[in-house]
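Have a look at the structure below before the remarks.
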Amino acid sequence: MMNPRAPTRTINDLPLAELCSARLDGQVFQLADSWCVIDEIDGCSTRAVSASRLVPPRAIAERLTAAWIYGVAPEPRRHQFCVLIGARTTAVWSPRVQLREIVRSPDDVRTIANVRVTTPLRTAVDLARYPSATSGAEIIALLARLLHYGGYPEISAAVRLCQRGSPAYSVVAVARFAAVSDALRSLHQSSAAPEKAVGV
């Protein structure tokens, strides 16, 4: 039986035809492979719970999925998750998921609605390090939004974290973050301007 207080529904709760019909009637909207009642807020918690229903409980949302959960990127076509090496969990519950085994520090992960998600800083570094379908200008803007969301006014923390990893990937990542400085400064200034106006 479906939990009426659950923020998301899946085909385990209701038949697909009924969920699609409810969407057409404007009663629900879709996030990942879940459906949310129309008065549910499309926020970090709801996106995290929706994404988590695609994977085993030990999985950590990362890269584009983490950026989507934070609300700084659109929902990816394939959600990206990781598990800690030794977690003995590699099962993929949905074809819409990429799952990899990695090493992560506890400082790299936060919990949102009981779902583990890489921090904005860790997410930005992972996206800067590895190839992405996102274009050059888009990835720079995304990295700036992630750092800004995480409360970083400049790139030094991201560069330090990059340099702790593989040298082959670090060079590319540090170069990308060098291009992020101007975009991040603009975001910081634009968010500070209304505060100054209120104080005048």
Side-chain angles (χ1 to χ4, degrees), residues 31-32 43-45 47-48 50-52 54-55 58-87 89-90 92 96-112 115-192:
L31 288 176
C44 291
S45 296
R47 289 190 291 270
S50 298
S52 74
L54 297 168
V55 290
R58 293 181 181 181
I60 302 165
E62 63 161 1
R63 294 183 290 169
L64 290 175
T65 295
W68 170 66
I69 288 171
Y70 291 130
V72 299
E75 182 177 354
R77 294 180 67 183
R78 291 192 72 192
H79 283 278
Q80 297 170 320
F81 285 84
C82 58
V83 292
L84 299 180
I85 290 176
T89 302
T90 55
V92 174
R96 293 191 61 206
V97 169
Q98 295 174 341
L99 187 66
R100 64 185 183 135
E101 287 188 321
I102 55 155
V103 175
R104 277 287 170 266
S105 159
D107 293 340
D108 291 334
V109 180
R110 64 168 52 170
T111 302
I112 300 173
V115 178
R116 295 194 294 176
V117 184
T118 55
T119 63
L121 179 62
R122 176 83 255 178
T123 302
V125 168
D126 287 345
L127 286 169
R129 275 183 175 169
Y130 303 111
S132 170
T134 309
S135 72
E138 288 174 342
I139 192 68
I140 297 305
L142 175 55
L143 297 178
R145 290 194 299 270
L146 278 163
L147 292 180
H148 181 69
Y149 181 89
Y152 296 92
E154 39 85 27
I155 64 169
S156 60
V159 169
R160 283 194 302 272
L161 187 55
C162 287
Q163 291 170 339
R164 291 207 319 243
S166 162
Y169 293 118
S170 294
V171 171
V172 173
V174 170
R176 282 181 171 162
F177 279 115
V180 166
S181 288
D182 289 343
L184 183 57
R185 192 176 303 110
S186 295
L187 282 174
H188 188 65
Q189 289 171 347
S190 63
S191 64

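Given the structure is predicted, the values throughout are model-derived calculations rather than measurements. Numbers here simply count residues along the sequence, with the first being 1.
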Evaluation steps, side-chain contact (heavy atoms from CB on, under 4.5 Å), between Leu64 and Thr123
CA-CA 8 Å; Leu64 290 175; Thr123 302; over 6 Å; no
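- A donor-acceptor pair is defined here as one N or O able to donate and one able to accept, closer than 3.5 Å; such a pair exists between the side chain of Ser190 and the backbone of Ser186.
- Closest heavy-atom contact between Val125 and Ala158: CG2-O, 3.7 Å.
- Using a 4.0 Å cut-off between charged side-chain N and carboxylate O, Arg96 and Glu75 make a salt bridge.
- In plain terms, the two heavy atoms of Ile69 and Ala51 that are nearest each other are CD1-CB, 4.5 Å.
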Run Gln80 and Gln98 through side chain to side chain donor-acceptor pair (under 3.5 Å) and show every step you take.
CA-CA 5 Å; Gln80 297 170 320; Gln98 295 174 341; 3.3 Å; yes
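- Across all their heavy atoms, Ala157 and Leu121 have their closest contact at C-CD1, 4.1 Å.
- Looking at Arg78, its side chain does come within 3.5 Å of a backbone N or O of Val97 through a donor-acceptor pair.
- In plain terms, the two heavy atoms of Val72 and Arg145 that are nearest each other are O-NE, 2.9 Å.
- Applying the side-chain hydrogen bond (donor to acceptor under 3.5 Å, both in side chains) test to Ser50 and every residue at least two apart in sequence or in another chain returns nothing.
- A side chain to side chain contact (heavy atoms under 4.5 Å, CB included) with Phe177 holds for exactly one of Leu184, Ile155, Leu161; it is Ile155.
- Remark: Arg104 CZ to Ile85 CD1 distance equals 10.0 Å, nearest 0.5 Å.
- For Arg110, the side-chain hydrogen bond (donor to acceptor under 3.5 Å, both in side chains) criterion is met by no residue, not counting sequence neighbours.
- The structure places OG1 of Thr119 at 11.5 Å from CD of Glu62, a figure rounded to the nearest 0.5 Å.
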Stepwise side-chain contact (heavy atoms from CB on, under 4.5 Å) check, Arg122 with Val109:
CA-CA 8 Å; Arg122 176 83 255 178; Val109 180; over 6 Å; no
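- The side-chain heavy atoms of Tyr70 and Pro120, taken from C-beta on, include a pair separated by under 4.5 Å.
- A salt bridge does not link Asp108 to Arg116: none of the charged nitrogens lies less than 4.0 Å from a carboxylate oxygen.
- One finds the CG atom of Leu143 at 11.0 Å from the OG atom of Ser181 (value rounded to the nearest 0.5 Å).
- Here the side chains of Arg100 and Ile102 are in contact, with some heavy-atom distance below 4.5 Å.
- In plain terms, the two heavy atoms of His79 and Leu54 that are nearest each other are CD2-CD1, 3.5 Å.
- Between Glu154 and Arg185, none of the side-chain N atoms (NZ, or NE/NH1/NH2) sits under 4.0 Å from a carboxylate O, so this pair counts as no salt bridge.
- The one candidate from Leu99, Val115, Val117, Leu84 that meets the side chain to side chain contact (heavy atoms under 4.5 Å, CB included) condition with Ile60 is Leu84.
- A heavy-atom distance below 4.5 Å is found between the side chains of Thr65 and Pro76.
- A pairwise comparison of heavy atoms in Ser170 and Arg129 identifies OG-NH2, 4.5 Å as the closest pair.
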